[in-house]
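Below is one structure, written out as C-alpha coordinates, with a few remarks after it.
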2 protein chains.
Amino acid sequence: MRTVTPPGDPGAETTGGYLKGRIRRKDIIAAARAVYAEAGYHGSSLREIAKRAGITHAGLLYYFPTKEALLAAVLQRRDAEDAARQHLDSSPGLDVLKSLIALAAHNVRHPGIVDLYVRLAAEAVGPDHPAHTYFERHYREARELTARSFRVLAARGDLRPGVDPELAALGFIALMDGLQVQWLTMPDEVDLVGALEAHLQSLLTVPL
Amino acid sequence: MRTVTPPGDPGAETTGGYLKGRIRRKDIIAAARAVYAEAGYHGSSLREIAKRAGITHAGLLYYFPTKEALLAAVLQRRDAEDAARQHLDSSPGLDVLKSLIALAAHNVRHPGIVDLYVRLAAEAVGPDHPAHTYFERHYREARELTARSFRVLAARGDLRPGVDPELAALGFIALMDGLQVQWLTMPDEVDLVGALEAHLQSLLTVPL
DNA sequence: CCTACCGATCGGTAGG
DNA sequence: CCTACCGATCGGTAGG
(Lines give C-alpha, C1' and ligand atoms only; values in the text may rest on other atoms or scores of the structure.)
Protein backbone atom coordinates (compact mmCIF):
# COMPACT_ATOMS: atom_id res chain seq x y z
CA MET A 1 0.00 0.00 0.00
CA ARG A 2 1.61 3.26 1.16
CA THR A 3 -0.03 5.20 -1.63
CA VAL A 4 0.38 8.91 -2.12
CA THR A 5 -1.27 10.84 0.68
CA PRO A 6 -1.74 14.57 1.27
CA PRO A 7 0.54 16.49 3.61
CA GLY A 8 -0.67 17.73 6.95
CA ASP A 9 -1.70 21.05 5.52
CA PRO A 10 -3.36 23.13 8.21
CA GLY A 11 -6.38 24.96 6.82
CA ALA A 12 -7.16 22.33 4.22
CA GLU A 13 -9.19 20.39 6.80
CA THR A 14 -11.71 18.14 5.16
CA THR A 15 -11.69 19.84 1.79
CA GLY A 16 -8.94 19.61 -0.81
CA GLY A 17 -6.33 16.91 -1.06
CA TYR A 18 -6.88 13.39 -2.21
CA LEU A 19 -10.00 11.39 -1.51
CA LYS A 20 -8.36 8.99 0.89
CA GLY A 21 -6.95 11.84 2.94
CA ARG A 22 -10.27 13.61 3.11
CA ILE A 23 -11.93 10.50 4.43
CA ARG A 24 -9.22 9.99 7.02
CA ARG A 25 -9.55 13.58 8.18
CA LYS A 26 -13.30 13.18 8.53
CA ASP A 27 -12.84 10.00 10.56
CA ILE A 28 -10.28 11.63 12.82
CA ILE A 29 -12.48 14.68 13.43
CA ALA A 30 -15.45 12.46 14.24
CA ALA A 31 -13.34 10.49 16.69
CA ALA A 32 -12.03 13.69 18.26
CA ARG A 33 -15.54 15.03 18.80
CA ALA A 34 -16.53 11.87 20.59
CA VAL A 35 -13.50 11.87 22.85
CA TYR A 36 -13.71 15.61 23.59
CA ALA A 37 -17.34 15.08 24.55
CA GLU A 38 -16.33 12.42 27.05
CA ALA A 39 -13.19 13.95 28.49
CA GLY A 40 -12.92 17.56 27.38
CA TYR A 41 -10.05 18.85 25.31
CA HIS A 42 -7.25 18.70 27.87
CA GLY A 43 -8.50 15.39 29.13
CA SER A 44 -8.32 13.80 25.70
CA SER A 45 -5.24 12.05 24.35
CA LEU A 46 -4.19 11.85 20.76
CA ARG A 47 -3.65 8.14 21.27
CA GLU A 48 -7.28 7.54 22.26
CA ILE A 49 -8.59 9.61 19.38
CA ALA A 50 -6.27 7.89 16.94
CA LYS A 51 -7.28 4.45 18.18
CA ARG A 52 -10.95 5.19 17.49
CA ALA A 53 -10.02 6.42 14.02
CA GLY A 54 -8.12 3.18 13.42
CA ILE A 55 -4.59 4.59 13.24
CA THR A 56 -1.70 5.31 15.60
CA HIS A 57 -1.21 8.63 17.29
CA ALA A 58 1.81 9.32 15.12
CA GLY A 59 -0.40 8.71 12.11
CA LEU A 60 -2.90 11.23 13.42
CA LEU A 61 -0.12 13.80 13.70
CA TYR A 62 0.59 13.27 10.03
CA TYR A 63 -2.84 14.75 9.27
CA PHE A 64 -3.08 17.26 12.11
CA PRO A 65 0.38 18.45 13.10
CA THR A 66 -0.48 19.34 16.70
CA LYS A 67 -3.19 18.70 19.26
CA GLU A 68 -4.37 22.27 18.83
CA ALA A 69 -4.67 21.94 15.07
CA LEU A 70 -7.08 19.07 15.58
CA LEU A 71 -9.18 21.13 17.98
CA ALA A 72 -9.30 23.96 15.45
CA ALA A 73 -10.53 21.52 12.81
CA VAL A 74 -13.27 20.24 15.13
CA LEU A 75 -14.49 23.76 15.86
CA GLN A 76 -14.37 24.70 12.19
CA ARG A 77 -16.44 21.66 11.36
CA ARG A 78 -19.04 22.61 13.91
CA ASP A 79 -19.40 26.05 12.36
CA ALA A 80 -19.68 24.53 8.90
CA GLU A 81 -22.46 22.21 10.06
CA ASP A 82 -24.32 25.01 11.79
CA ALA A 83 -24.09 27.14 8.67
CA ALA A 84 -25.21 24.24 6.50
CA ARG A 85 -28.25 23.77 8.69
CA GLN A 86 -29.00 27.43 7.87
CA HIS A 87 -31.32 27.87 10.82
CA LEU A 88 -29.41 30.82 12.10
CA ASP A 89 -28.97 33.17 9.19
CA SER A 90 -32.62 33.75 8.49
CA SER A 91 -33.80 37.32 9.06
CA PRO A 92 -34.10 38.39 12.70
CA GLY A 93 -37.45 37.90 14.38
CA LEU A 94 -39.54 35.28 16.10
CA ASP A 95 -38.43 32.64 13.60
CA VAL A 96 -34.85 32.93 14.80
CA LEU A 97 -35.89 32.39 18.40
CA LYS A 98 -38.07 29.45 17.43
CA SER A 99 -35.23 27.91 15.46
CA LEU A 100 -32.95 28.24 18.49
CA ILE A 101 -35.48 26.27 20.48
CA ALA A 102 -35.71 23.77 17.62
CA LEU A 103 -31.93 23.47 17.76
CA ALA A 104 -32.19 22.68 21.47
CA ALA A 105 -34.82 20.05 20.73
CA HIS A 106 -32.49 18.57 18.13
CA ASN A 107 -29.61 18.52 20.58
CA VAL A 108 -31.65 16.63 23.17
CA ARG A 109 -31.63 13.76 20.70
CA HIS A 110 -27.85 14.08 20.24
CA PRO A 111 -26.34 14.33 23.72
CA GLY A 112 -22.81 14.00 22.39
CA ILE A 113 -23.01 17.39 20.73
CA VAL A 114 -24.19 18.98 23.95
CA ASP A 115 -21.45 17.27 25.92
CA LEU A 116 -18.80 18.51 23.51
CA TYR A 117 -20.09 22.06 23.61
CA VAL A 118 -20.56 22.30 27.38
CA ARG A 119 -17.17 20.87 28.21
CA LEU A 120 -15.25 22.94 25.71
CA ALA A 121 -17.05 26.17 26.66
CA ALA A 122 -16.19 25.72 30.32
CA GLU A 123 -12.58 24.86 29.58
CA ALA A 124 -12.26 27.82 27.25
CA VAL A 125 -13.23 30.58 29.67
CA GLY A 126 -9.54 31.20 30.28
CA PRO A 127 -8.00 33.56 27.70
CA ASP A 128 -5.10 31.15 27.14
CA HIS A 129 -7.26 28.26 26.00
CA PRO A 130 -6.95 27.56 22.27
CA ALA A 131 -10.74 27.66 21.87
CA HIS A 132 -11.19 30.91 23.80
CA THR A 133 -11.41 33.18 20.75
CA TYR A 134 -13.81 30.79 19.10
CA PHE A 135 -16.24 30.95 22.00
CA GLU A 136 -15.96 34.73 22.31
CA ARG A 137 -17.02 35.05 18.72
CA HIS A 138 -19.68 32.37 19.07
CA TYR A 139 -21.31 34.05 22.07
CA ARG A 140 -21.12 37.51 20.58
CA GLU A 141 -22.74 36.43 17.33
CA ALA A 142 -25.46 34.44 19.05
CA ARG A 143 -26.22 37.31 21.40
CA GLU A 144 -26.38 39.90 18.63
CA LEU A 145 -28.62 37.83 16.40
CA THR A 146 -30.94 37.23 19.34
CA ALA A 147 -30.92 40.90 20.34
CA ARG A 148 -31.85 41.93 16.81
CA SER A 149 -34.72 39.48 16.92
CA PHE A 150 -36.03 40.90 20.18
CA ARG A 151 -35.78 44.41 18.74
CA VAL A 152 -37.89 43.38 15.77
CA LEU A 153 -40.46 41.94 18.15
CA ALA A 154 -40.41 45.13 20.23
CA ALA A 155 -41.05 47.27 17.16
CA ARG A 156 -44.08 45.15 16.41
CA GLY A 157 -45.36 45.45 19.96
CA ASP A 158 -44.96 41.72 20.53
CA LEU A 159 -42.45 42.18 23.33
CA ARG A 160 -43.74 42.67 26.84
CA PRO A 161 -43.21 46.29 27.90
CA GLY A 162 -40.18 46.85 30.11
CA VAL A 163 -38.20 44.01 28.53
CA ASP A 164 -34.79 45.20 27.36
CA PRO A 165 -33.81 43.44 24.10
CA GLU A 166 -30.09 43.32 24.90
CA LEU A 167 -30.53 41.87 28.39
CA ALA A 168 -33.21 39.49 27.13
CA ALA A 169 -30.82 38.25 24.43
CA LEU A 170 -28.01 37.73 26.91
CA GLY A 171 -30.41 35.88 29.17
CA PHE A 172 -31.83 33.70 26.43
CA ILE A 173 -28.41 32.44 25.32
CA ALA A 174 -27.32 31.98 28.91
CA LEU A 175 -30.49 30.05 29.68
CA MET A 176 -29.79 27.63 26.83
CA ASP A 177 -26.28 27.00 28.12
CA GLY A 178 -27.26 26.61 31.74
CA LEU A 179 -30.10 24.25 30.91
CA GLN A 180 -27.73 22.05 28.95
CA VAL A 181 -25.47 21.56 31.96
CA GLN A 182 -28.34 20.64 34.26
CA TRP A 183 -29.87 18.40 31.61
CA LEU A 184 -26.60 16.51 31.07
CA THR A 185 -26.21 16.10 34.82
CA MET A 186 -29.73 14.81 35.41
CA PRO A 187 -31.54 14.17 32.11
CA ASP A 188 -34.71 12.77 33.66
CA GLU A 189 -35.39 15.78 35.86
CA VAL A 190 -34.83 18.56 33.35
CA ASP A 191 -37.32 19.61 30.68
CA LEU A 192 -34.92 21.58 28.51
CA VAL A 193 -37.29 22.52 25.71
CA GLY A 194 -40.19 23.21 28.05
CA ALA A 195 -38.15 25.65 30.09
CA LEU A 196 -37.00 27.50 26.98
CA GLU A 197 -40.54 27.81 25.64
CA ALA A 198 -41.88 28.96 28.97
CA HIS A 199 -39.16 31.55 29.26
CA LEU A 200 -39.68 32.92 25.77
CA GLN A 201 -43.43 33.04 26.27
CA SER A 202 -42.99 35.06 29.44
CA LEU A 203 -41.23 37.74 27.39
CA LEU A 204 -43.91 38.01 24.69
CA THR A 205 -47.40 39.49 24.50
CA VAL A 206 -48.40 37.05 21.77
CA PRO A 207 -48.73 33.26 22.03
CA LEU A 208 -45.82 31.25 20.62
CA MET B 1 11.20 19.83 63.91
CA ARG B 2 9.11 16.84 62.75
CA THR B 3 6.62 17.28 65.54
CA VAL B 4 3.61 15.07 65.98
CA THR B 5 1.12 15.49 63.18
CA PRO B 6 -2.32 14.02 62.57
CA PRO B 7 -2.83 11.06 60.26
CA GLY B 8 -4.48 11.45 56.87
CA ASP B 9 -7.87 10.74 58.31
CA PRO B 10 -10.50 11.13 55.59
CA GLY B 11 -13.57 12.84 56.95
CA ALA B 12 -11.70 14.86 59.51
CA GLU B 13 -11.02 17.60 56.93
CA THR B 14 -10.35 20.91 58.60
CA THR B 15 -11.84 20.02 61.93
CA GLY B 16 -10.29 17.76 64.53
CA GLY B 17 -6.67 16.82 64.84
CA TYR B 18 -3.88 19.04 65.99
CA LEU B 19 -3.67 22.75 65.28
CA LYS B 20 -0.76 22.47 62.88
CA GLY B 21 -2.51 19.82 60.84
CA ARG B 22 -5.72 21.84 60.65
CA ILE B 23 -3.81 24.82 59.32
CA ARG B 24 -2.04 22.68 56.76
CA ARG B 25 -5.31 21.21 55.58
CA LYS B 26 -6.79 24.64 55.21
CA ASP B 27 -3.80 25.81 53.19
CA ILE B 28 -3.93 22.77 50.95
CA ILE B 29 -7.67 23.18 50.33
CA ALA B 30 -7.21 26.85 49.49
CA ALA B 31 -4.44 25.99 47.05
CA ALA B 32 -6.56 23.25 45.51
CA ARG B 33 -9.46 25.65 44.94
CA ALA B 34 -7.17 28.06 43.13
CA VAL B 35 -5.67 25.40 40.90
CA TYR B 36 -9.03 23.74 40.15
CA ALA B 37 -10.35 27.15 39.15
CA GLU B 38 -7.52 27.57 36.68
CA ALA B 39 -7.29 24.09 35.24
CA GLY B 40 -10.32 22.09 36.34
CA TYR B 41 -10.05 18.95 38.44
CA HIS B 42 -8.53 16.58 35.90
CA GLY B 43 -6.22 19.29 34.65
CA SER B 44 -4.79 19.94 38.09
CA SER B 45 -1.78 18.11 39.47
CA LEU B 46 -1.10 17.31 43.07
CA ARG B 47 2.40 18.67 42.56
CA GLU B 48 1.13 22.10 41.55
CA ILE B 49 -1.34 22.25 44.42
CA ALA B 50 1.31 21.10 46.87
CA LYS B 51 3.79 23.66 45.61
CA ARG B 52 1.35 26.49 46.29
CA ALA B 53 0.72 25.10 49.75
CA GLY B 54 4.47 25.04 50.38
CA ILE B 55 4.98 21.27 50.58
CA THR B 56 5.79 18.39 48.26
CA HIS B 57 3.14 16.31 46.56
CA ALA B 58 4.02 13.37 48.74
CA GLY B 59 3.46 15.61 51.72
CA LEU B 60 0.04 16.53 50.42
CA LEU B 61 -0.82 12.86 50.15
CA TYR B 62 -0.04 12.52 53.84
CA TYR B 63 -3.03 14.79 54.56
CA PHE B 64 -5.31 13.74 51.72
CA PRO B 65 -4.65 10.14 50.75
CA THR B 66 -5.84 10.44 47.13
CA LYS B 67 -6.59 13.09 44.56
CA GLU B 68 -10.29 12.37 44.95
CA ALA B 69 -10.17 12.80 48.71
CA LEU B 70 -8.85 16.33 48.20
CA LEU B 71 -11.66 17.13 45.77
CA ALA B 72 -14.20 15.86 48.28
CA ALA B 73 -12.70 18.14 50.91
CA VAL B 74 -12.91 21.14 48.59
CA LEU B 75 -16.58 20.47 47.84
CA GLN B 76 -17.35 19.92 51.50
CA ARG B 77 -15.73 23.20 52.33
CA ARG B 78 -17.82 25.01 49.75
CA ASP B 79 -20.99 23.65 51.28
CA ALA B 80 -19.83 24.65 54.74
CA GLU B 81 -19.17 28.21 53.58
CA ASP B 82 -22.51 28.45 51.82
CA ALA B 83 -24.27 27.20 54.91
CA ALA B 84 -22.32 29.60 57.13
CA ARG B 85 -23.36 32.49 54.93
CA GLN B 86 -26.93 31.37 55.76
CA HIS B 87 -28.42 33.18 52.81
CA LEU B 88 -30.04 30.05 51.48
CA ASP B 89 -31.90 28.53 54.36
CA SER B 90 -34.21 31.44 55.04
CA SER B 91 -37.89 30.71 54.44
CA PRO B 92 -38.94 30.44 50.81
CA GLY B 93 -40.14 33.60 49.10
CA LEU B 94 -38.88 36.70 47.38
CA ASP B 95 -36.04 37.01 49.91
CA VAL B 96 -34.52 33.75 48.73
CA LEU B 97 -34.54 34.90 45.12
CA LYS B 98 -33.06 38.24 46.09
CA SER B 99 -30.33 36.54 48.08
CA LEU B 100 -29.47 34.37 45.07
CA ILE B 101 -28.98 37.54 43.07
CA ALA B 102 -26.94 38.98 45.93
CA LEU B 103 -24.83 35.82 45.82
CA ALA B 104 -24.24 36.41 42.11
CA ALA B 105 -23.23 40.00 42.85
CA HIS B 106 -20.82 38.70 45.48
CA ASN B 107 -19.34 36.21 43.03
CA VAL B 108 -18.69 38.91 40.44
CA ARG B 109 -16.18 40.30 42.90
CA HIS B 110 -14.64 36.85 43.40
CA PRO B 111 -14.07 35.40 39.92
CA GLY B 112 -12.07 32.48 41.28
CA ILE B 113 -15.14 31.02 42.94
CA VAL B 114 -17.09 31.25 39.70
CA ASP B 115 -14.26 29.68 37.75
CA LEU B 116 -14.06 26.78 40.17
CA TYR B 117 -17.78 26.17 40.06
CA VAL B 118 -18.19 26.45 36.29
CA ARG B 119 -15.28 24.18 35.48
CA LEU B 120 -16.17 21.50 37.99
CA ALA B 121 -19.85 21.50 37.02
CA ALA B 122 -19.01 20.95 33.35
CA GLU B 123 -16.50 18.23 34.12
CA ALA B 124 -18.94 16.51 36.45
CA VAL B 125 -21.81 15.98 34.00
CA GLY B 126 -20.51 12.47 33.41
CA PRO B 127 -21.83 9.98 35.99
CA ASP B 128 -18.32 8.63 36.58
CA HIS B 129 -16.85 11.95 37.73
CA PRO B 130 -16.13 12.03 41.46
CA ALA B 131 -18.09 15.28 41.83
CA HIS B 132 -21.13 14.07 39.89
CA THR B 133 -23.24 13.17 42.91
CA TYR B 134 -22.33 16.44 44.57
CA PHE B 135 -23.65 18.47 41.66
CA GLU B 136 -26.80 16.36 41.33
CA ARG B 137 -27.63 17.14 44.91
CA HIS B 138 -26.59 20.77 44.55
CA TYR B 139 -28.84 21.36 41.53
CA ARG B 140 -31.77 19.51 43.02
CA GLU B 141 -31.64 21.45 46.25
CA ALA B 142 -31.23 24.81 44.52
CA ARG B 143 -34.08 24.05 42.17
CA GLU B 144 -36.42 22.93 44.93
CA LEU B 145 -35.73 25.92 47.15
CA THR B 146 -36.34 28.22 44.20
CA ALA B 147 -39.51 26.40 43.16
CA ARG B 148 -40.88 26.71 46.70
CA SER B 149 -40.15 30.42 46.57
CA PHE B 150 -42.01 30.85 43.31
CA ARG B 151 -44.95 28.91 44.73
CA VAL B 152 -45.10 31.28 47.68
CA LEU B 153 -45.11 34.22 45.30
CA ALA B 154 -47.83 32.60 43.19
CA ALA B 155 -50.05 32.12 46.25
CA ARG B 156 -49.69 35.82 47.00
CA GLY B 157 -50.55 36.77 43.43
CA ASP B 158 -47.09 38.23 42.89
CA LEU B 159 -46.26 35.79 40.11
CA ARG B 160 -47.30 36.67 36.59
CA PRO B 161 -50.19 34.43 35.50
CA GLY B 162 -49.16 31.52 33.31
CA VAL B 163 -45.73 31.19 34.94
CA ASP B 164 -45.11 27.64 36.13
CA PRO B 165 -43.12 27.65 39.39
CA GLU B 166 -41.20 24.46 38.61
CA LEU B 167 -40.12 25.56 35.14
CA ALA B 168 -39.37 29.06 36.38
CA ALA B 169 -37.13 27.60 39.10
CA LEU B 170 -35.28 25.38 36.64
CA GLY B 171 -34.81 28.37 34.38
CA PHE B 172 -33.65 30.69 37.13
CA ILE B 173 -30.88 28.34 38.26
CA ALA B 174 -29.90 27.58 34.66
CA LEU B 175 -29.78 31.29 33.88
CA MET B 176 -27.36 31.88 36.75
CA ASP B 177 -25.07 29.11 35.48
CA GLY B 178 -25.18 30.16 31.86
CA LEU B 179 -24.52 33.79 32.69
CA GLN B 180 -21.47 32.82 34.67
CA VAL B 181 -19.91 31.07 31.68
CA GLN B 182 -20.49 34.00 29.37
CA TRP B 183 -19.32 36.44 32.01
CA LEU B 184 -16.07 34.53 32.57
CA THR B 185 -15.48 34.38 28.83
CA MET B 186 -16.07 38.09 28.21
CA PRO B 187 -16.43 39.98 31.52
CA ASP B 188 -16.76 43.41 29.93
CA GLU B 189 -19.69 42.53 27.72
CA VAL B 190 -21.87 40.69 30.22
CA ASP B 191 -24.02 42.35 32.89
CA LEU B 192 -24.57 39.30 35.05
CA VAL B 193 -26.55 40.92 37.84
CA GLY B 194 -28.57 43.11 35.46
CA ALA B 195 -29.68 40.12 33.43
CA LEU B 196 -30.74 38.24 36.55
CA GLU B 197 -32.75 41.17 37.88
CA ALA B 198 -34.39 41.77 34.52
CA HIS B 199 -35.32 38.12 34.26
CA LEU B 200 -36.79 37.91 37.73
CA GLN B 201 -38.74 41.13 37.21
CA SER B 202 -40.25 39.73 34.03
CA LEU B 203 -41.74 36.90 36.07
CA LEU B 204 -43.31 39.12 38.74
CA THR B 205 -46.31 41.42 38.92
CA VAL B 206 -44.70 43.50 41.65
CA PRO B 207 -41.57 45.65 41.40
CA LEU B 208 -38.40 44.12 42.82
C1' DC C 1 1.04 6.28 7.53
C1' DC C 2 4.04 3.02 11.17
C1' DT C 3 7.84 1.75 14.60
C1' DA C 4 10.54 3.41 17.89
C1' DC C 5 11.91 6.70 20.61
C1' DC C 6 12.38 11.28 23.56
C1' DG C 7 11.76 14.21 27.75
C1' DA C 8 8.18 15.60 30.74
C1' DT C 9 4.63 14.78 33.88
C1' DC C 10 1.27 12.17 36.32
C1' DG C 11 -0.79 9.73 40.93
C1' DG C 12 0.75 6.92 44.24
C1' DT C 13 4.07 4.15 47.40
C1' DA C 14 8.18 2.82 50.41
C1' DG C 15 10.65 3.94 54.04
C1' DG C 16 12.07 6.76 57.07
C1' DC D 1 6.24 15.58 56.32
C1' DC D 2 10.60 14.56 52.76
C1' DT D 3 13.58 11.82 49.35
C1' DA D 4 13.49 8.63 46.10
C1' DC D 5 11.32 5.83 43.37
C1' DC D 6 7.57 3.15 40.40
C1' DG D 7 4.72 2.22 36.19
C1' DA D 8 1.80 4.67 33.15
C1' DT D 9 0.79 8.13 30.00
C1' DC D 10 1.40 12.35 27.56
C1' DG D 11 2.54 15.32 22.92
C1' DG D 12 5.78 15.37 19.65
C1' DT D 13 9.82 13.83 16.52
C1' DA D 14 13.04 10.90 13.55
C1' DG D 15 13.32 8.20 9.92
C1' DG D 16 11.62 5.56 6.84
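Note that the structure is predicted; figures quoted are calculated from it, not measured. In what follows, chains carry the letters A, B, and so on, assigned in the order in which the sequence lines appear, proteins first and then strands, with residues in each chain numbered from 1.
In this structure, the NE2 atom of A/H57 is 11 Å from the C1' atom of D/dT9, given to the nearest Å. Whole-Å rounding puts the B/I49 CD1 to C/dG12 P distance at 11 Å. What separates CD of A/E68 from P of D/dG12 is a distance of 8 Å, to the nearest Å. As a whole-Å value, the separation of A/H42 NE2 from C/dC10 C1' is 15 Å. In this structure, CZ of B/R47 is placed 7 Å from C1' of C/dG11, rounded to the nearest angstrom. Rounded to whole angstrom, the span from the NZ atom of A/K67 across to the P atom of D/dC10 amounts to 9 Å. As a whole-Å value, the separation of B/L61 CG from C/dC10 P is 13 Å. As rounded to whole Å, 18 Å separates atom P of D/dT13 from atom OH of A/Y63.
Side chains of A/R148 and A/L145 form a contact here, defined as non-hydrogen atoms less than 4.5 Å apart. Taking 4.5 Å as the limit, some side-chain heavy atom of B/R137 sits within range of a side-chain heavy atom of B/D79. Residues B/L179 and A/L175 are not in side-chain contact: their nearest non-hydrogen atoms beyond the backbone lie 4.5 Å or more apart.
Taking the six-membered ring for Trp and the full ring otherwise, the centers of A/H138 and A/Y117 sit less than 6.0 Å from each other.
Candidate nucleotides C/dG11, D/dG12, C/dC2 were compared by shortest atom distance to the side chain of A/I55, and C/dC2 ranks first. For A/A58, taking side-chain heavy atoms from C-beta onward, the closest of the listed nucleotides D/dT13, C/dG12, D/dC10 is D/dT13. Minimum atom distance to the side chain of B/T56 is reached by D/dT3, of the listed D/dT3, C/dC2, C/dG12.
Phosphate proximity of C/dC10 to B/S45: present, with a side-chain N or O under 4.0 Å from OP1 or OP2.
Of the nucleotides present, D/dC2 is the one that pairs with C/dG15 by Watson-Crick or G-U wobble criteria, both distances under 3.5 Å.
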